[in-house]
Amino acid sequence: MRKQIAAANWKMNLTFQQGEKLLDDILIANIQLSNDCQVIFAVPFPYLIMAKSEIEEEKNYAVAAQNCSDQKPGAYTGEVSVEMLSSIGISHCIIGHSERREYYHETNSILAAKVDRCLEMNITPIFCCGESLKIRESGSQDDFVRLQLEESLFHLGPDSLKKIIIAYEPIWAIGTGKTATTAQAQEMHAFIRSVLSNKYGSEVAESISILYGGSVKANNAKELFSCPDVDGGLVGGASLVASEFIQIIRSLK
Ligand code: PEP
């Protein structure tokens, strides 16, 4: 079975102390994860080491960065390299969140370079894709998402692709309280898997976790995660509230 994953994306929220307390409040629930399940906390850079030490004793919990540089170490003021992340034991990194694509102009080709950089350092990219409301309303969401996958991932061989986690996040559902219906989520996840299968074969496509992101909450997680091609969620707002995120973790298949 492919991994079922609850990934928290804190974005640029919380002070260090609030972050530490949130992790304490979640971990105190003592949720034991089977090896088919994983919980990932994507926290701001200055909190990575703290979060790593918080989860140190926990099985199947991991910490992710929310971004990394597409460049090798050097004169890039303010950037964070995958070498830096690797040197503090970070195992995952979100790549291509729609906020990075929109506000920081990250293109599919920049994201392809970031994916490569992560894989070079054995860091698992959580690769985000998804369409805007305008694209959804024009009915071209499949072509749009296919292109995102083709331009950022399809240069990889099958063994590398297998190391990726994909997060489908329709932009119109992020932080809006508007969730894709289970039918919309399942349809797009099945489509993404078919795109992967056409290029890499079904064995590879079936092994890849595809998370849904976009206003996942305690009260809709179970239904969304029950879709056969939805392997958990990438969660923004609700991951900042311990009781919500605990319930979301408990909703994993
Ligand atoms: C996200 O940040 O990836 C996200 C899906 O946010 P939210 O859950 O708040 O919609």
Side-chain angles (χ1 to χ4, degrees), residues 3-14 18-19 22-23 26 38-45 47-48 51 62-68 92-104 106 111 114-115 118 124-136 141 144-145 148-149 152 164-182 184-186 188-189 192 209-227 229-252:
K3 265 205 161 76
Q4 304 297 304
I5 301 168
N9 176 14
W10 289 4
K11 312 193 186 191
M12 196 174 75
N13 289 300
L14 307 177
Q18 288 167 335
L22 177 58
L23 287 174
I26 292 168
Q38 189 169 35
V39 170
I40 303 173
F41 296 102
V43 307
F45 289 131
Y47 309 167
L48 287 170
V63 172
Q66 298 174 10
N67 181 33
C68 66
H92 293 72
C93 183
I94 297 179
I95 298 292
H97 190 280
S98 61
E99 288 150 16
R100 303 244 20 122
R101 292 174 185 265
E102 186 180 346
Y103 307 143
Y104 302 98
E106 296 192 356
L111 299 175
K114 292 192 179 200
V115 165
C118 283
T124 302
I126 303 172
F127 178 79
C128 301
C129 57
E131 79 287 355
S132 65
L133 185 59
K134 199 159 156 230
I135 290 169
R136 166 76 45 173
Q141 66 271 17
F144 184 82
V145 170
Q148 288 182 320
L149 299 171
S152 297
I164 309 264
I165 296 168
I166 292 178
Y168 167 63
E169 301 207 303
I171 299 170
W172 45 272
I174 296 179
T176 58
K178 211 170 164 179
T179 317
T181 62
T182 46
Q184 283 171 322
Q186 169 56 27
M188 181 53 91
H189 283 232
I192 290 172
S209 299
I210 307 178
L211 316 186
Y212 168 78
S215 298
V216 174
K217 309 275 178 228
N219 65 11
N220 61 20
K222 188 127 208 146
E223 202 185 334
L224 285 161
F225 298 173
S226 71
C227 299
D229 284 291
V230 176
D231 306 309
L234 178 57
V235 186
S239 74
L240 301 173
V241 181
S243 58
E244 283 276 318
F245 196 61
I246 287 168
Q247 195 54 42
I248 291 168
I249 299 171
R250 291 201 164 117
S251 303
L252 289 173

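Quantities reported herein were computed from a predicted structural model and do not represent experimental measurements. Counting starts at 1 for both ligands and their atoms, in listed order. Residues take their numbers from the sequence shown, with the count starting at 1. No hydrogens, no waters, no symmetry mates; every other heavy atom, side chains included, goes into these values.
- Here the shortest heavy-atom pairing between D231 and S209 reads OD2-CA, 3.4 Å.
- Of the possible donor and acceptor atoms, one in the side chain of K114 sits under 3.5 Å from a partner among the backbone N and O of C68.
- Between S251 and F225, the shortest heavy-atom distance links the atoms O-CD1, 3.5 Å.
- Without hydrogens or angle criteria, Q38 side chain to I5 main chain gives no donor-acceptor distance under 3.5 Å.
- Without hydrogens or angle criteria, Q148 side chain to G130 main chain gives a donor-acceptor distance under 3.5 Å.
- Aromatic ring orientation, H189 versus Y212: tilted (interplanar angle from 30° to 60°).
- Taking a heavy-atom cut-off of under 4.0 Å, ligand 1 is surrounded by N9, K11, H97, E169, A173, I174, G175, G213, G214, S215, L234, V235, G236, G237.
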